[in-house]
Structures are given as C-alpha cells and as structure tokens.
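Presented below is the structure to which this report refers.
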Amino acid sequence: MDVFGHDLTRRQLAERTGDLSAVAGIRHVVLDDGVERGVRAIDLRTSAGLELEVLVDRAFDLGSARITGVPFGWRSGNGFRHPGLHEHTDEGGLSWLRALDGLLVSGGLDHTLFGGEVDATRYAYPPKQTVSHGLHGRLTAIPARLLEAREVVDPENGSSVLRLVGEVIQATSFGEHLRLTRTIEVDVDGREIRLHDVVDNLGFEPTPHMFLYHINFGWPIVDEGTEFVAAISEHLWQSDSVAEQGISYRTLPAPVLNMVEQVTEHELVVGPDGLHRVALLRADGALGVEVSWDPAGMPSFFEWQNLRSGQYAVGLEPSTHHVGGDGAAREDGSMIWLEHGESREYRTAIRVLVGQDETDGARARIRDIGGQPD
C-alpha cells in the first residue's frame, strides 16, 4: 500500500499505528440538523485523501465526496433530506427533485425517468388496476439496512479494502417486493469507488425492474472549459433545449443564468475490456473523474447538464432503459420483468484523477475506444 508516499504492507502499517483510523477508516455518524436530522451516514476515508459519505437512510446512496479536501461530488442546496420528508406524489411527480443532492442518487427499482400511470393488474388486487410513478421512482426515499462495515485484508497480497454492504427493500402489499443489495468498496490507499449492486425479486408476481444512476459532479470538476470525454457512435436523443441554447455537450461554459437543463442520450462504444467509460476533465488537467461500468446491466447512458447559476452540475447517468421510459419499455418489449428469485447485477467504478498524467491517461484510454461527434 502507498500510505503518504511510503510503500507498506498491512503488517508494516500495523507496526506504525495501533489504529487504522490514524490514516484511513470507517466512521458511523447521524446527521443532526435541519432537513437532514436523523439521517444515518457512514464516512469513508482513505490514505490517498478520498473522503466519501454513504447515506444509509437514503438508499445507501453517496453524499458528499472530496479528494484531499477538494469537493468533486455535487451539492445542490437541497441537503440530504430525511426520507420521512419525501412527498412522492407532489408537484406532478417531480418532488424527487427536492431529494436530488450528492454524488450518487439512484433511481428505481421498478421505475425510472419521467412519471406516469401504468398497468398493475398483474398484482391481482381489484382496487389497484394501475400504479402511479413519480420521476425516477421510490428508491431514493427508502432507508437501508446496514449489513456490513469493515476493513477486509487479502491474506495473499496483504491489500486492504474498506467495505460497506447495505440492503434496501422496496415493497408494498399487492405490489412489488424488490431488494437492492449494494456493496461499496474503496482501497485503503485508493481514489476509486467501486459499486456492486444486485437487485432481486422477493415477490411471486412478475415485476418490472428499471434502474438508473444519477452520478453528479460539481465545481471544481465542473468548470469553464471542462471537457466531457466519451467514445460515442451517435446521439440517440437530445432535449429541445440543446438546439434552443446551443451549449456544447463536450466543453462546459461558466455558470449560465436561467439555463434550461440539457439532456443527451449517447450511444457509447464498448471498450476492449467490455466496459463503457466516460470522463470529465478540467481544462488545466489538474483534476478529473472517470466513470466505468458494465453495459450488460446498464446499456443506456444520459449526460445531464444543469449548468445554471447556483446549481452548476453535470450528471453522468448509466441506465437500464432508453429515455422513453416506462411506457415505451412496455410497448417495445425492453422492460425487464423479474420472476420470483430472479436478479440483475450491476458493477460501476468512479475514479478520481489527479494531475496531468492521470487526466491525459483517461483521455487516451477513451480515445483508443473511439471518437465523439462535435
């Protein structure tokens, strides 16, 4: 392990400190003020300067994120609202936007993208012929059950990992009964966040499954001149605001007063390692982030540009489904239906890039896969 510039085995590190928390570790906390009051969280900290907040009571999603004190996860101003404050059906189904904050906000488990009313007769409950969904579903406001929080040492090579495992149940009588089991890992000396999600159906009716990661980056990763890098074969869809405003999807401007959000669905090219890979790189090359994931689970991808003053964020969004959403997926046959005991698996990595060599390396890796249109 590289600990503050020293190449140490786990034993050698133990010889130098009686408590791993001197250099890295896991700390359980409870947020205690304002709309966040009562939210359980876990702080992860590595010797490489990665600090990550895992929001146990908000679907085991990711909150604040920093590298050597510099933030890279977005903060919207909403705060990490207690799930008890969530109003699922308010504002025409758009109340999810009041919960949008932090590095990762997950959408699902039976619905993502814009809301609407869909058939529910498969649940065989006569008073419930349809079910209404809001934007990105119900998952965000469901607390998790913490299953594991510990350091794991590889007995063969002595490497050390901080591991968290949580379980989120989305269930109702006469409806869906889905479980998300999420594993989050970071190396003790690392700057990469690894997510492994498994979603399975605990119920006995065929149940729709949709899943989306809203991975959000803010300033100073998002800044004037920051470049979005991806191997793109074509743009499958763009919001009307892209043509109306003409703001580049590739090179970011300074904050724009009253900007309307821009969303583009990109068709990505799979790399030789079988992964999709995208990056945000500052113009000065000092800092960046690279996101990679297995497209077998999430073949679709959206770039969300919310570059208005006071918000100023870019969301990189792997998704199980295209932008048409729930209704379109049912019509075209792309909806995922999970039978009892069936599951889907998702693997994603978020890596912080520090310095010109690392940002140039990420650009080169992606350019080796393919180019991208203007």
Side-chain angles (χ1 to χ4, degrees), residues 104 107 112-114 136 195 197 209-217 221-222 225-253 261-283 288-307 313-329 331-336 344-351 353 358-374:
L104 171 63
T112 60
L113 302 160
F114 281 101
H136 291 319
L195 301 173
D197 284 351
H209 169 51
M210 304 178 75
F211 205 23
L212 177 145
Y213 292 159
H214 218 292
I215 306 173
N216 308 301
F217 301 100
I221 294 283
V222 174
T226 290
E227 181 184 4
F228 168 67
V229 182
I232 299 171
S233 61
E234 62 176 316
H235 304 314
L236 297 177
W237 179 88
Q238 290 183 311
S239 59
D240 293 340
S241 55
V242 174
E244 293 166 357
Q245 296 175 138
I247 295 173
S248 171
Y249 83 93
R250 290 187 61 169
T251 305
L252 305 183
E261 67 169 6
Q262 295 187 175
V263 181
T264 301
E265 181 176 1
H266 301 293
E267 181 74 31
L268 300 181
V269 180
V270 179
D273 56 1
L275 301 179
H276 279 162
R277 193 176 296 274
V278 299
L280 287 171
L281 308 176
R282 279 185 53 86
V289 288
E290 183 179 15
V291 181
S292 59
W293 68 96
D294 185 351
M298 291 182 166
S300 299
F301 172 74
F302 311 108
E303 178 194 4
W304 177 69
Q305 294 177 299
N306 180 14
L307 303 173
V314 170
L316 305 180
E317 304 179 31
S319 170
T320 55
H321 289 83
H322 292 297
V323 72
D326 199 320
E331 290 178 9
D332 65 22
S334 64
M335 176 60 75
I336 300 166
R344 290 288 293 249
E345 188 172 358
Y346 307 92
R347 293 184 183 273
T348 303
I350 304 168
R351 182 171 181 78
L353 310 168
E358 293 192 7
T359 54
D360 286 349
R363 182 184 288 105
R365 281 192 294 276
I366 294 171
R367 282 292 159 260
D368 285 344
I369 300 170
Q372 63 191 101
D374 292 331

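If you're wondering where the values come from, they're calculated on a predicted model, not measured in any experiment.
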Whether the side chain of Thr264 engages the backbone of His266 through a donor-acceptor N/O pair (distance < 3.5 Å, no angle test) should be reported. no
For Val270 and His276, what are the C-alpha separation, side-chain angles and deciding distance, and is it a side chain to side chain contact (heavy atoms under 4.5 Å, CB included)? CA-CA 5 Å; Val270 179; His276 279 162; 3.5 Å; yes
Interatomic spacing from CE in Met210 to OG in Ser334 - rounded to 0.5 Å: 7.5 Å
For Pro295 against Gly274, the heavy-atom pair lying closest together: CD-O, 3.1 Å
Test log, rule side chain to side chain contact (heavy atoms under 4.5 Å, CB included), inputs Ile232 and Val269: CA-CA 6 Å; Ile232 299 171; Val269 180; over 6 Å; no
For Ala362 and Glu290, work out which heavy atoms get closest and say how close. CB-OE1, 3.9 Å
Quick one: CZ on Arg365 to CZ on Arg277, what's the gap to the nearest 0.5 Å? 6.0 Å
Give the C-alpha distance, both sets of side-chain angles, the deciding distance and a yes or no for salt bridge (charged side-chain N to carboxylate O under 4.0 Å, His left out) between Arg363 and Asp360. CA-CA 5 Å; Arg363 182 184 288 105; Asp360 286 349; 3.3 Å; yes
My understanding is that only one of Tyr346, Phe301, Phe211 makes a ring-ring contact (aromatic ring centres under 6.0 Å, His included) with Trp293; could you say which? Phe301
Drop me the distance from Ile336's CD1 to Arg344's CZ, to the nearest 0.5 angstrom. 3.5 Å
Atom CD of Glu227 and atom CZ of Arg282: how far apart are they, to the nearest 0.5 Å? 13.0 Å
Is any side-chain heavy atom of Phe302 less than 4.5 Å from a side-chain heavy atom of Val323? yes
Reported CD1-to-OG distance for the pair Ile369 and Ser233, which is rounded to 0.5 angstrom: 12.5 Å
Closest non-hydrogen contact found for Leu252 with Val314 is CD1-CG2, 3.7 Å
For Ile247 and Gln262, work out which heavy atoms get closest and say how close. O-NE2, 3.1 Å
Assess whether side chain to side chain contact (heavy atoms under 4.5 Å, CB included) is satisfied between Leu104 and Leu195, documenting all intermediate values. CA-CA 11 Å; Leu104 171 63; Leu195 301 173; 3.7 Å; yes
I would like to know whether His321 and Leu212 meet side chain to side chain contact (heavy atoms under 4.5 Å, CB included); could you show each step before the answer? CA-CA 8 Å; His321 289 83; Leu212 177 145; over 6 Å; no
If only atom types and distance count, is the side chain of His136 paired as donor or acceptor with the main-chain N or O of Leu113 below 3.5 Å? yes
Heavy atoms of Asp374 and His235 approach each other most closely as O-NE2, 4.1 Å
Does Ser241 use its side chain to pair, donor to acceptor, with the backbone of Glu261 at less than 3.5 Å? yes
Measure the spacing between CD1 of Ile221 and OG1 of Thr226 and express it to the nearest 0.5 Å. 7.5 Å
Should Asp368 and Pro272 count as side-chain neighbours, where that means a heavy-atom distance under 4.5 Å? no
Below 4.5 Å, heavy atoms only, C-beta onward: do Tyr213 and Asp197 meet side chain to side chain? yes
Asn216 side chain to His214 backbone, donor-acceptor under 3.5 Å: yes
Answer whether the closest heavy-atom distance between the side chains of Phe228 and Gln372 falls below 4.5 Å. yes
Where is the tightest heavy-atom contact between Leu307 and Ala313, given as atom of each residue plus distance? CD2-O, 3.6 Å
